[in-house]
There are 2 protein chains.
Amino acid sequence: MIQKILIAEDYETVNLSIQKTLEELHIPNPDYVYYCDDALLRIEKALQANASYDLLITDLHFEEDHRQQKISSGEALIAAARNIQPDLKILVFSATGKPSTIEALFQKEDIDGYVYKGRNDARELKLALEQIAANRRYFPQQFVQQQKQKNTYELDAFDITILTLMANGKRQHEISAYLKKNNIKPSGLSSIEKRLNTIKDALDCSTNEQLIAHCVKMRII
Amino acid sequence: MIQKILIAEDYETVNLSIQKTLEELHIPNPDYVYYCDDALLRIEKALQANASYDLLITDLHFEEDHRQQKISSGEALIAAARNIQPDLKILVFSATGKPSTIEALFQKEDIDGYVYKGRNDARELKLALEQIAANRRYFPQQFVQQQKQKNTYELDAFDITILTLMANGKRQHEISAYLKKNNIKPSGLSSIEKRLNTIKDALDCSTNEQLIAHCVKMRII
DNA sequence: CTGTTTTTTACGGAAAACCGTAAAGTGACG
DNA sequence: CGTCACTTTACGGTTTTCCGTAAAAAACAG
């Protein structure tokens, strides 16, 4: 459940409208700041007080002014926040955002949602919040299609078998034995290792744990 | 025997695919609507005409649009339908749904089945329909596991941190370094190992991979 | 402060996973 | 049949994880 929310947005009107949207969703009293540094400070303090935030809603672009800031962009804020609180959910609410930027945010920083500022952004914001509350990600509409196409490293039945067994607690040599028993063609330990490496490479995962996490998230297994 | 079915689902494509699945099961001509209010209306009329529905298949989440609706969610529709026709069988077909939500639906509203939208949802839909036709309930796979393992070992923030980092591809010594850097108290490699063992033991997992799979499935991380 | 209990850390050997390389097997083709 | 290209397997060394034990640190009681 999402209850404790921090809004980082330098435009006051936008900041207020986000608060209003949250109000409609019966999420009362969000904290809000107008500077990235303040945001990070809040997150740190909340963490130390054992009352950490559930969600950070942030813009990407912040106007510079008289107050000198260590953190000057949403990207940097996100990285810093992730660093001190990995389980923090992050929703980016921005007008800018090239596809490559957005993609990087999802993949590298593992953000939970991205909403374009625009015509129906309040409605999208609500949707995104609901999705995030259900532990799902919210991709901007335009992105969904591309994302789908991009994820096209098609895992075949063999891959699925390995991954499923692995997710069920089987060790690699056990998987090898299983494959032999069922006369599935490549059954050597080396083949399993090689295949796993290929998959990890294709899906940009560094450990088995990360790979399994990804596959379960994506409902591949 | 299930013959007269009503589908409430706002996404046209999904609605059609449900109809197609029913067709394969030789259940012809289901009624379908795109709004909750329409669904309730149909149920009422059918009841008065002495030709009540056997089964309602409904989503939980309905997109808002220009048409103002009295009933805006699947939950509300289910409650209203139960109210006017207590013997109506109900199958929820949804992508959302925290375990707690699903549990509440089964216990409070006495729904007959729940199917996650996802990769193999058509196949699951068939299974669910068969079960329901035999007057049995159909629980989603994840739910069964969770039910089984309600050993209620409460994972604390520390556990979540470790698991999250691990699911993000960090190795254990990296996690240790991370904890040290952020002054999180137990940071030794041994402590991480020990904690992981405790969690695996509590959740009945034999490998890290299985543990991560479980946690992602259960939306713990 | 002293002694006791609990938690955390350090360390070392065993198991598993990782990674490169070479050998054995397989299939297509002339 | 022999060659070539490719896949699969076997094997050894390295890294990472696993697991037990013991020292060190912290928390606690008297």
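Here the structure is a predicted model, which is why all the values come from computation and not from measurement. Note on naming: letters A, B, ... go to the chains in the order of the sequence lines (proteins, then strands), and numbering restarts at 1 for each one.
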Asks: Consider the side chain of A:Pro186, meaning its heavy atoms from C-beta on, and name the nucleotide among D:dT8, C:dA17, D:dT17 that approaches it most closely.
Replies: D:dT8
Asks: Rounded off to whole Å, could you give me the CD-to-C1' distance for the B:Glu174 and D:dT15 pair?
Replies: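 So the CD-C1' distance, B:Glu174 to D:dT15, works out to 13 Å.
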Asks: Without decimals, in angstroms, what is the distance between B:Glu209 CD and D:dT16 C1'?
Replies: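 Atom CD in B:Glu209 sits about 12 Å away from atom C1' in D:dT16.
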Asks: Under 4.0 Å between a side-chain N or O of A:Asn208 and OP1 or OP2 of C:dC18?
Replies: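 Yes.
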Asks: Can the positive tip of A:Arg67 be found less than 6.0 Å from the middle of the six-membered ring of A:Tyr35, inside 45° of the ring normal?
Replies: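 Because its charged atom sits under 6.0 Å from the ring centre and within 45° of the axis, A:Arg67 does stack over A:Tyr35.
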Asks: Which nucleotide sits closest to the side chain of A:Ser190: D:dT9, C:dA17, C:dC18?
Replies: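 Nucleotide nearest to A:Ser190's side chain: D:dT9.
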Asks: D:dA22 P sits how many Å from B:Glu193 CD, rounded?
Replies: 17 Å
Asks: Please determine whether salt bridge (Lys or Arg N to Asp or Glu O under 4.0 Å) holds for the pair A:Asp112 and A:Arg82, giving the CA-CA distance in whole Å, both sets of side-chain angles, and the decisive distance to 0.1 Å.
Replies: CA-CA 12 Å; A:Asp112 298 275; A:Arg82 264 273 169 280; 3.8 Å; yes
Asks: Any chance you could lay out the side chain to side chain contact (heavy atoms under 4.5 Å, CB included) test for B:Tyr178 and A:Asn83, step after step, and finish with the verdict?
Replies: CA-CA 9 Å; B:Tyr178 167 88; A:Asn83 192 32; 3.9 Å; yes
Asks: Want to settle it: does B:Lys185 or B:Thr207 sit nearer the 5' end of DNA chain D, counting the closest nucleotide to each?
Replies: B:Thr207
Asks: With the side chain counted from C-beta on, respond yes when A:Glu75 and A:Thr101 share a heavy-atom pair under 4.5 Å apart, and no when they do not.
Replies: yes
Asks: Round to a whole Å and report the spacing from CD of A:Gln172 to C1' of D:dT17.
Replies: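 From A:Gln172 CD to D:dT17 C1': 12 Å.
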Asks: Under 4.0 Å between a side-chain N or O of B:Lys200 and OP1 or OP2 of D:dC18?
Replies: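 It does, given that an N or O in the side chain of B:Lys200 lies less than 4.0 Å from OP1 or OP2 of D:dC18.
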Asks: Please report, rounded to the nearest Å, how far the P atom of D:dG20 is from the CG atom of B:Leu189.
Replies: 16 Å
Asks: Using atom CG of B:Asp201 as one end and atom P of D:dC18 as the other, report the distance to the nearest whole Å.
Replies: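 Distance check: B:Asp201 CG to D:dC18 P gives 14 Å.
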Asks: If you check the B:Ser191 side chain, which of C:dA17, C:dT9, D:dA10 turns out closest?
Replies: C:dT9
Asks: Do the side chain of B:Arg195 and the main chain of B:Phe158 share a donor and acceptor less than 3.5 angstrom apart?
Replies: no
Asks: Can you measure A:Arg195 atom CZ to D:dT9 atom C1' for me and round it to whole angstrom units?
Replies: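 So the two atoms are 15 Å apart, to the nearest Å.
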Asks: Counting just side-chain N and O atoms, does B:Ser187 come under 4.0 Å of either OP1 or OP2 of C:dT9?
Replies: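 The answer is yes; a side-chain N or O of B:Ser187 sits under 4.0 Å from OP1 or OP2.
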Asks: Quick one: which of C:dC19, D:dT17, D:dC19 gets closest to the side chain of A:Asn197?
Replies: C:dC19
Asks: Nearest of C:dA17, D:dT16, C:dA10 to any side-chain atom of B:Arg171?
Replies: D:dT16
